[in-house]
Amino acid sequence: VRLAASKPDAAETAARMVQLAGSANDSLKLAALESLATHMKADVAWSPSLDAAFNKLINSENLEVAAASLPLLARWKQDGSAAAKPLIAKLIAQVQRADTSAAQAERIVTSLIRARALDSNILPQTAGLLGSQSPEALQKRLVLTLGETSDPAVGPILAAALGKLQ
């Protein structure tokens, strides 16, 4: 994906990868979506086939796959998708559950922060995890992911959490 991101046809390649990811196994979907979210900076022209691919990914039974599609959706389709709002609420609830594995929660929270443009509740809801009983690894991932953003709303969140973190 890194190599493809530097090519002149990066946007077309990214769109095609998302479309192909819809029919791949879950581990390949995750790898493709997370790599695209990290390395692909090109703007992609929205199309009906891309919309269909995202609808399939957002409605995946695997919450990590569904979550991994959100950062790209937020970047490429600013008004998001009708299916994104209930998914975001479900993902926030999932990371707040005590029985969610740290690895799954870290993946989900990273995707949520990267997709924060889709829902104004993402930042305050995920910020509530800082200084809570949530696993230390999840809180560390959240701080790192928040720190990667240039969103001015993140500064006060991190400042408020400093005294609560262990």
**Student:** Check whether any side-chain N or O of Thr145 sits under 3.5 Å from a backbone N or O of Leu142 as a donor-acceptor pair, and report yes or no.
**Tutor:**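 Answer holds: no.
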**Student:** When rounded to the nearest 0.5 angstrom, what distance separates CG in Leu91 from CD in Gln94?
**Tutor:**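 The CG atom of Leu91 sits 8.0 Å away from the CD atom of Gln94.
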**Student:** Please report the interatomic distance CG(Leu33) to CZ(Arg107), rounded to the nearest 0.5 Å.
**Tutor:**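 Between Leu33 CG and Arg107 CZ, I get 10.5 Å after rounding to 0.5 Å.
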**Student:** What closest approach, in Å, do Pro156 and Ala153 show between heavy atoms, and which atom pair accounts for it?
**Tutor:**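 Smallest interatomic distance, heavy atoms only, reads CD-O, 3.5 Å.
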**Student:** Distance only, no hydrogens: is a donor on one side chain within 3.5 Å (strictly under) of an acceptor on the other, for Gln139 and Ser134?
**Tutor:**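 The criterion, which ignores hydrogens and geometry beyond distance, is not satisfied for Ser134 and Gln139.
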**Student:** Quick one: CD1 on Ile88 to OG1 on Thr126, what's the gap to the nearest 0.5 Å?
**Tutor:**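 Separation between the atoms: 11.0 Å.
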**Student:** State, with a plain yes or no, whether a side-chain heavy atom of Ile113 is found less than 4.5 Å away from one of Leu123.
**Tutor:**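 Yes. Closest side-chain heavy atoms under 4.5 Å.
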**Student:** Tell me, which pairs form a side-chain hydrogen bond (donor to acceptor under 3.5 Å, both in side chains) where one or both residues lie in residues 150-163, sequence neighbours left out?
**Tutor:**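 side-chain hydrogen bond (donor to acceptor under 3.5 Å, both in side chains) check on residues 150-163 returns Arg116-Asp151.
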**Student:** For Leu50 and Ala45, work out which heavy atoms get closest and say how close.
**Tutor:**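 The answer is CD2-O, 3.9 Å.
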**Student:** Would you confirm whether Trp76, through its side chain, and Pro71, through its main-chain N or O, come within 3.5 Å as a donor-acceptor pair?
**Tutor:**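 Judged by distance alone, no pair lies under 3.5 Å.
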**Student:** Considering non-hydrogen atoms only, spot the tightest contact between Ala84 and Ile58 and give its length.
**Tutor:**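 Looking at all heavy atoms of both residues, the shortest contact is N-CG2, 4.5 Å.
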**Student:** For the atom pair CG (Leu112) and CG (Asn121), what is the distance rounded to the nearest 0.5 Å?
**Tutor:**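 If we round to the nearest 0.5 Å, Leu112:CG and Asn121:CG are 11.0 Å apart.
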**Student:** What residues, two or more places apart in sequence or in another chain, satisfy side chain to side chain donor-acceptor pair (under 3.5 Å) together with Glu106?
**Tutor:**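 Glu106 satisfies side chain to side chain donor-acceptor pair (under 3.5 Å) with no residue once adjacent residues are dropped.
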**Student:** For Glu12, is there any backbone N or O sitting under 3.5 Å from a side-chain donor or acceptor partner on Asp9?
**Tutor:**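 Not at all, since once roles are kept as given, no pair shorter than 3.5 Å links the two residues.
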**Student:** Starting at CG of Leu63, measure out to CG of Leu87 and round the result to the nearest 0.5 Å.
**Tutor:**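 Output value for this atom pair is 7.0 Å.
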**Student:** Does the Ser69 side chain pair with the main chain of Phe54, one donor and one acceptor, at a distance under 3.5 Å?
**Tutor:**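 Not confirmed, Ser69 side chain does not pair with Phe54 backbone.
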**Student:** Between Ser60 and Asn62, is any side-chain donor less than 3.5 angstrom from a side-chain acceptor?
**Tutor:**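 Asn62 and Ser60 do not have a side-chain donor-acceptor pair below 3.5 Å.
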**Student:** Identify the heavy atoms of Leu30 and Ala68 that sit nearest to each other, and give their distance.
**Tutor:**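 It is CD2-CB, 4.0 Å.
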**Student:** Heavy-atom distance under 4.5 Å between the side chains of Arg16 and Ser49, does that happen here?
**Tutor:**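 Sidechains of Ser49 and Arg16: no contact.
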**Student:** If I take atom CG from residue Leu70 and atom OG1 from residue Thr110, how far apart are they, to the nearest 0.5 angstrom?
**Tutor:**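 Result: 12.5 Å between the selected atoms.
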**Student:** So, using side chain to side chain donor-acceptor pair (under 3.5 Å) as the criterion, who are the partners of Asn59 when residues are at least two apart?
**Tutor:**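 Residues passing side chain to side chain donor-acceptor pair (under 3.5 Å) with Asn59: none at all.
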**Student:** Looking at every non-hydrogen atom in both residues, tell me the closest pair between Ser132 and Gly128 and how far apart they are.
**Tutor:**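 Scanning both residues, the minimum pair turns out to be CB-O, 3.7 Å.
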**Student:** Counting N and O atoms only, with roles assigned by atom type, does the side chain of Lys29 sit under 3.5 Å from a partner on the main chain of Val18, one being a donor and the other an acceptor?
**Tutor:**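 Checking the backbone N and O of Val18 against the side chain of Lys29, no donor-acceptor pair under 3.5 Å is found.
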**Student:** Decide, yes or no, whether a salt bridge links Asp43 with Arg75 under the criterion of side-chain N to carboxylate O below 4.0 Å.
**Tutor:**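 Salt bridge absent between Asp43 and Arg75.
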**Student:** Taking the side chain as every heavy atom from C-beta outward, state whether Met40 and Met17 have any pair of such atoms under 4.5 Å apart.
**Tutor:**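 Met40 vs Met17: side chains apart.
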**Student:** Any carboxylate oxygen within less than 4.0 angstrom of a Lys/Arg side-chain nitrogen, looking at Arg114 and Glu148?
**Tutor:**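 Yes, this pair counts.
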**Student:** Of the non-hydrogen atoms in Ala161 and Leu130, which two are nearest, and what is the gap between them?
**Tutor:**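 Scanning both residues, the minimum pair turns out to be CB-CD1, 3.6 Å.
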**Student:** Quick check: does any side chain N or O of Ser23 sit under 3.5 Å from a backbone N or O of Leu20, one acting as donor and the other as acceptor?
**Tutor:**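 Present.
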**Student:** Assess whether side-chain contact (heavy atoms from CB on, under 4.5 Å) is satisfied between Leu158 and Val143, documenting all intermediate values.
**Tutor:** CA-CA 7 Å; Leu158 290 174; Val143 168; 4.3 Å; yes
